[in-house]
Amino acid sequence: MSAAEPVDLTAADLHPALGDPALTSMNFLNEVSERYPAAVSLAAGRPYEEFFDLAAVHRHLDTFHRHLVDDLGHRPEQARRLLLQYGRTKGIVHHLIARNIAVDEGITVDPEDVVVTVGCQEAMFLVLRALRAGPTDVLLAVAPTYVGLTGAARLVDLPVWPVAGGPTGIDLADLAAQVRRARAAGLRPRACYVMPDFANPSGVSIDTTHRQRLLDLAAREDLLLLEDNPYGLFHSDDGPRPPTLKALDTGRRVVYLGSFAKTVLPGARVGYVVADQRVAGPDGRVGPLADQLAMIKSMVTVNTSPIAQAVIGGRLLEHGCSLVAANTRERSAYTRNLRHLVAGLTRRFPDQPDQPDGPAVRWTVPAGGFFVVVTVPFPVDDALLDRSARDYGVLWTPMAHFYDDTAPVCALRLSVSAVTPEQIDVGLDRLAALITDELARRAG
């Protein structure tokens, strides 16, 4: 926009969160990708596209339509209306989602405790909007934190207090300290947001022992836990997966956030929230928190596309409602890529001399998921990313985007989900050249 162009509004006239880095982060990363389309992208946490199948979308839709008629007894005109008309706010595949999490996660819930949402992002927004009752409410979140959560909290004016993560995935002593600190300041901590399996962006997981301790702490402190689980199916070993917090939850402490973006189809934009906490209404009636979330949803998106839900429902039905069974190929591809990337880093940065804090370049070795974090001895920011894309032809994500302050962060996130091993090799060659040149430049 030119300086002479008339202005109708200023940023000060709009919600203050619109200028927050948490809301601009995703747009910035997308813009860099668009400006340098030839760059190898180790940035995007998108699912692998090799297995996308347009014909399968139509088949899933037909499968769900038959389910409506043959299994649920709908007349053809009822089934047609259910798929093509405005729909039920809570969704039309809630019963299949309840079956899915029972089969795959051992979570037993009433289908009426499930709200089907427009992606997991809407699920986060609905929960945060409901929990933010007044100006003293705050949300705790393990740092580094997924920017979608931070941005949603900004839009509902809910401050986010960081909790240390560390090698165990969450520092329970720090969580307890932050709760006490908030209450001492006259604030009310409503919940703590956690991603126990291969967290975005850190890739770190919480082991079963610490999951149980986290639940115990939440009970003692009267705190809800918001469990986000987009990557839990993608373990890279053949051992048993740890139980989700929700599967261990005996006191309705956990609000469970789920997504089909990684496990079925991102283009469907279908997620869900399991909110079985009991809420007493002003008339004395008691119902699930899901009912309250559905009221908010009715004023935001009205309902989640029934056609999109049907595609997800058909995929679930075709695999006995197990996404573990439905994602065998995907899990194999992510495991292959993760191991290839870690081995590639080891080859490119061998036998490094130790610095005071360890090797100059080091990286995490997660047990699954999409992300590896590389730590380097210099600040990593958006300007370096732009130079990396322009001069070296490789994209990645600065870890600074996942922290809620302006302090320099000497780390970057690599994603293995949307690339081939050959692309990983090219990307790592280019990244190694960038890091080597940057080390030499700073040393000189």
Side-chain angles (χ1 to χ4, degrees), residues 40-45 142-146 162 164-171 174 195 197-207 210 231 234-237 334-385 387-388 392 394-403 405 407-417 419 421 423-444:
V40 173
S41 179
L42 299 175
V142 176
T145 309
Y146 169 56
T168 64
I170 183 168
D171 185 327
D174 189 56
M195 199 179 290
D197 291 282
F198 320 122
N200 180 8
S202 71
V204 176
S205 297
I206 303 175
D207 65 30
H210 282 84
Y231 309 104
F234 302 122
H235 284 247
S236 60
D237 59 45
Y334 299 142
T335 296
R336 174 201 67 197
N337 285 1
L338 181 60
R339 291 173 177 169
H340 194 83
L341 185 137
V342 170
L345 287 168
T346 302
R347 287 195 304 273
R348 287 164 179 83
F349 298 100
D351 303 324
Q352 301 175 77
D354 282 349
Q355 305 296 315
D357 296 324
V361 181
R362 57 191 188 277
W363 50 89
T364 58
V365 184
F370 288 7
F371 307 115
V372 170
V373 175
V374 179
T375 302
V376 293
F378 49 81
V380 174
D381 56 18
D382 291 348
L384 184 64
L385 170 60
R387 186 157 65 85
S388 175
Y392 294 83
V394 60
L395 291 163
W396 34 264
T397 305
M399 284 293 287
H401 283 254
F402 303 99
Y403 289 92
D405 57 41
V409 178
C410 299
L412 56 95
R413 189 196 74 180
L414 302 179
S415 174
V416 303
S417 60
V419 285
Q423 290 171 317
I424 289 173
D425 283 334
V426 173
L428 287 181
D429 284 343
R430 296 173 178 180
L431 177 64
L434 167 69
I435 292 174
T436 300
D437 290 349
E438 190 68 12
L439 289 171
R441 185 178 71 83
R442 291 174 181 272

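Since we're looking at a predicted model, the values are computed, not measured.
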### Task
Any pair with a residue in residues 375-385 that passes side chain to side chain donor-acceptor pair (under 3.5 Å), sequence neighbours left out, goes on the list, sorted by first then second residue, please.
Asp382-His401
### Query
Partners of Tyr334 by ring pair (Phe, Tyr, Trp, His ring centres under 6.0 Å), sequence neighbours excluded?
Phe234, Phe370
### Query
Looking only at heavy atoms, which two atoms of Val374 and Val361 are closest? And how far apart?
CG1-CG1, 3.9 Å
### Query
Do you know which two heavy atoms are closest between Gly427 and Val40, and how far apart they sit?
CA-CG1, 4.0 Å
## Note on the structure
Between Pro162 and Ala143 the two heavy atoms that sit nearest each other are CB-CB, 3.9 Å
### Query
Residues two or more places apart in sequence or in another chain: which of them pass salt bridge (Lys or Arg N to Asp or Glu O under 4.0 Å) with Asp174?
none
### Query
His210: what forms a ring pair (Phe, Tyr, Trp, His ring centres under 6.0 Å) with it, not counting sequence neighbours?
none
### Student check: side-chain heavy atoms of Thr397 and Phe371 closer than 4.5 Å
no
### Query
With side chains defined as the heavy atoms from C-beta onward, is the minimum distance between Trp363 and Leu341 less than 4.5 Å?
no
### Task
Hey, could you give me the CG/CD1 distance between Leu431 and Ile424, rounded to the nearest 0.5 Å?
12.5 Å
### Task
Compare every heavy atom of Val419 with every heavy atom of Val416, then report the nearest pair and how far apart it is.
O-CG2, 3.7 Å
### Query
Is there a side-chain contact between Glu438 and Leu384, using heavy atoms and a 4.5 Å cut-off?
yes
### Query
Yes or no on side-chain contact (heavy atoms from CB on, under 4.5 Å) for Val409 and Val380, after CA distance, side-chain angles and deciding distance?
CA-CA 6 Å; Val409 178; Val380 174; over 6 Å; no
#### Entry: Flag, side chain of Arg413 to backbone of Ala43, donor-acceptor distance under 3.5 Å
yes
### Task
Side-chain contact test, heavy atoms from C-beta onward, threshold under 4.5 Å: evaluate it for Val142 versus Val204 and give yes or no.
no
### Query
Listed by chain and number, what are the ring pair (Phe, Tyr, Trp, His ring centres under 6.0 Å) partners of Phe198, not counting sequence neighbours?
His235
### Task
Not counting sequence neighbours, which residues clear salt bridge (Lys or Arg N to Asp or Glu O under 4.0 Å) with Arg339? List them please.
none
### Derivation and outcome, side-chain contact (heavy atoms from CB on, under 4.5 Å), residues Arg347 and Asp425
CA-CA 11 Å; Arg347 287 195 304 273; Asp425 283 334; 3.8 Å; yes
### Query
If you look at every heavy atom in Pro377 and Ala360, which pair is closest and at what distance?
CD-O, 3.0 Å
### Side chain to side chain, Val372 and Leu42, heavy atoms closer than 4.5 Å
no
### Query
Can you find a heavy atom in the side chain of Leu428 that is under 4.5 Å from one in the side chain of Leu345?
yes
### Summary
Note: Ile170 and Ile206 closest approach over all heavy atoms is CG2-CD1, 3.7 Å
### Task
Would you give the length of the straight line joining atom CG of Leu434 to atom OG of Ser388, rounded to the nearest 0.5 angstrom?
4.5 Å
### Message
Once rounded to the nearest 0.5 Å, what's the spacing between atom CG of Leu412 and atom CG of Leu395?
### Response
11.5 Å
